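What follows is a single structure, written as structure tokens, with notes after it.
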Amino acid sequence: MKNRTLHYLIRFLVGEDAPSEIVESIGYTNDPNRFDKYNVVIIPSGFFDEHVYGTPASMPQLPLREVQGIPLLFGSPKEEWVGDTWVVHADIIASTYFLVSRYEEMMRRDVRDAHGRFPGRESLPYRAGFLHRPIVDEYRLLLHRWIRQSRLRVPEIKNRIRKVYLTHDVDTPTLFRTWKGLVRSLLAQRGLFTSLKGKFGSLEQDPYYTFPWLFRQNSLLQDALGPIGCQAILFLRCGGNTSFDKPFYTPSDADIRRLLKSAYDHGMQIGLHSSYQAGKEPTLIRKEKEALETHLKKAVRFNRHHFLACREPEDMEQIEASGIIEDFTMGYADVAGFRLGTCYPVRWINPITRRLSPLLLHPLIIMDCSLDNPTYMGLTYGQAKAYCLKLLEQVSHVGGELVLLWHNQSFAEGTASYQRKLYSELLHELAKGGKA
């Protein structure tokens, strides 16, 4: 285990606002001769041993044990005083590393869906029944209890959502305003006049151009929480030539230019929605980012993969190499929850090299189509709202940040989708607190 990565994991669990002496008071060792140097000692489980790491022996076995009601991937729930040191055998360091580094995805290369993604239903958190819980952040609360038990003070974690990210991927900005859209309209027997109006008429009349309504909804929450408590990001594509990258558009298109102006007027930031093709060929991410920056005439800091298809853990090397500093991809498409076990922004760790990267990952908690798509969760409105509120409660309990993803076409009127109503009600719930 690299010392820099180990130190980061301890600091991550203790909290960025904790004094450095608190971090230094925590040991990760099984050497009894060193216990008296620390207030709290976590006994390594052997996960990082050279003859274990990267082998089948490193994988957690179901059913998992628990420590104070929290699923434990490695170690045992044993806790004891050894002299004046509180010694715990629950290896929350290895357990945290396993989840935030996507170690499981490195080990199970043969498990991928039709788009090359690791399915959420195959993940250990789902199979063990805790994908809906941010157990890494529960480890954080547990570590704080251990620190206080050792007679040290550590800053309290407030029961609140510290920040909300309202994010929107522009996959299909309009329905009828392309030539293919015109043909689609005629085939749907909308009539020649209506079809021509859809192609050449007012942008706001296109059923997929729901951005005016969407931006108004976002503004209500942004006003309630302020610019620090709520940030909105629009992710635009700027490349890709596969069938899954259709419809093709560029930021220079007239409709997209109008969308950008409206987004800026509403205080939104713009990120790269790296293409489906770039997901398969990650070296294209830099090219797409630079193309988007040329159009925008400003630097691009954020990324999210189209289809959430950041396929292999090490592919993030190319995100980092492109100059992207924050990524918002890390959620499962087929089930909403805590893919990395946390709702705190966490630095990427390459599970192959164990290298700690400056790239910051913002875990995606809820995506619209995860909820209602019949091949994913297939929830009714009532089920989806209850599940989302449960996730919001979990984020608040551990003081984390909430990243939401809703697509503009989900809000199209005249469909059976409940997404417009659900999104509005979730934002209303978040605004009721008045702060993040």
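None of these values were measured; they are calculated from a predicted model.
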Should Leu402 and Leu430 be marked as a side-chain contact (heavy atoms from CB on, under 4.5 Å) after you check the CA-CA gap, both sets of side-chain angles, and the distance that decides it? CA-CA 10 Å; Leu402 177 68; Leu430 291 167; 3.9 Å; yes
Does [X] reach the main-chain N or O of [Y] with its side chain, forming a donor-acceptor pair under 3.5 Å?
X      : Y      : result
Ser396 : Leu392 : no
Arg420 : Leu214 : no
Asn350 : Ile352 : yes
Asn303 : Ile319 : no
Asp36  : Gly83  : no
Asn408 : Val170 : no
Tyr344 : Val136 : no
Asp49  : His51  : no
Thr85  : Phe35  : yes
Asp245 : Thr242 : yes

Any [X] side-chain heavy atom under 4.5 Å of [Y] side chain:
X      : Y      : result
Cys369 : Gln409 : no
Glu288 : Ser275 : yes
Thr250 : Cys238 : no
Pro60  : Leu124 : yes
His305 : Ser274 : yes
Ser410 : His407 : yes
Ile93  : Leu13  : yes
Ile157 : Arg140 : yes

Measure the [atom1]-[atom2] distance between [X] and [Y] for me, rounded to the nearest 0.5 Å.
X      : Y      : atom1 : atom2 : value
Leu73  : Ile70  : CG    : CD1   : 12.0 Å
Ser58  : Met107 : OG    : CE    : 4.0 Å
Leu360 : Trp348 : CG    : CH2   : 13.5 Å
Met268 : Leu234 : CE    : CG    : 4.5 Å
Lys37  : Glu24  : NZ    : CD    : 12.5 Å
Asn33  : Asp31  : CG    : CG    : 4.5 Å

Do the side-chain N and O atoms of [X] and [Y] include a donor-acceptor pair separated by under 3.5 angstrom?
X      : Y      : answer
Glu79  : Gln68  : yes
Asp171 : Tyr249 : no
Tyr381 : Glu425 : yes
Arg34  : Tyr38  : yes
Ser45  : Asp91  : yes

Start with the C-alpha gap between Arg11 and Ser20, add the side-chain angles, then the distance that decides, and say whether side-chain contact (heavy atoms from CB on, under 4.5 Å) holds. CA-CA 8 Å; Arg11 162 59 75 183; Ser20 58; 4.0 Å; yes
Please name the pair of heavy atoms, one in [X] and one in [Y], separated by the smallest distance, quoted to 0.1 Å.
X      : Y      : answer
Gly271 : Leu292 : O-CD2, 3.8 Å
Leu426 : Trp406 : CD1-CH2, 3.7 Å
Asn241 : Phe248 : CA-CE2, 3.8 Å
Thr172 : Pro247 : OG1-CD, 3.8 Å

Salt bridge check, [Y] against [X]: does any charged N sit closer than 4.0 Å to a carboxylate O?
X      : Y      : value
Asp113 : Arg117 : yes
Arg304 : Asp327 : no
Arg127 : Glu104 : yes
Arg355 : Glu320 : yes
Glu156 : Arg148 : yes
Lys280 : Glu312 : no
Arg162 : Glu401 : no
Glu138 : Arg133 : yes
Lys432 : Glu429 : yes

Aromatic plane relationship, [Y] with [X] - under 30° parallel, 30 to 60° tilted, over 60° perpendicular:
X      : Y      : result
Phe48  : Tyr53  : parallel
Phe328 : His362 : parallel
Tyr103 : Phe47  : perpendicular
Phe211 : Tyr209 : perpendicular

Show your working on side-chain contact (heavy atoms from CB on, under 4.5 Å) between Val346 and Phe12 and close with a plain yes or no. CA-CA 8 Å; Val346 60; Phe12 177 73; 3.8 Å; yes
For the salt bridge (Lys or Arg N to Asp or Glu O under 4.0 Å) test, which of Arg311, Arg339, Arg112 pairs with Glu105?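 Among the candidates, only Arg339 passes.
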Take atom CD of Glu413 as the centre, draw a 6.0 Å sphere, and report whether it contains more than 12 heavy atoms from other residues, nucleotides or ligands.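 No, because the 6.0 Å sphere around CD of Glu413 holds 12 heavy atoms or fewer from other groups.
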CG of Asp223: more than 12 outside heavy atoms within 6.0 angstrom?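 For Asp223, atom CG is crowded (more than 12 foreign heavy atoms under 6.0 Å).
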Test ring pair (Phe, Tyr, Trp, His ring centres under 6.0 Å) on His306 and Phe235; report intermediate values, then the result. CA-CA 9 Å; His306 192 31; Phe235 288 95; over 10 Å; no
Got a sec, which residues hit salt bridge (charged side-chain N to carboxylate O under 4.0 Å, His left out) with Glu314, two or more places apart in sequence or on another chain?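 For Glu314 the salt bridge (charged side-chain N to carboxylate O under 4.0 Å, His left out) partners, ignoring immediate neighbours, are Arg109.
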Identify the residue among Gln217, His266, Glu204 that makes a side-chain contact (heavy atoms from CB on, under 4.5 Å) with Pro212.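 Per the side-chain contact (heavy atoms from CB on, under 4.5 Å) rule, the option paired with Pro212 is Glu204, out of Gln217, His266, Glu204.
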Run through Tyr28, Tyr97, Trp146, Phe74 and flag the one making a side-chain contact (heavy atoms from CB on, under 4.5 Å) with Ile92.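 So the option named by the test is Trp146.
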Step by step, work out the side-chain contact (heavy atoms from CB on, under 4.5 Å) result for Tyr387 and Leu379. CA-CA 9 Å; Tyr387 188 78; Leu379 302 178; 4.2 Å; yes
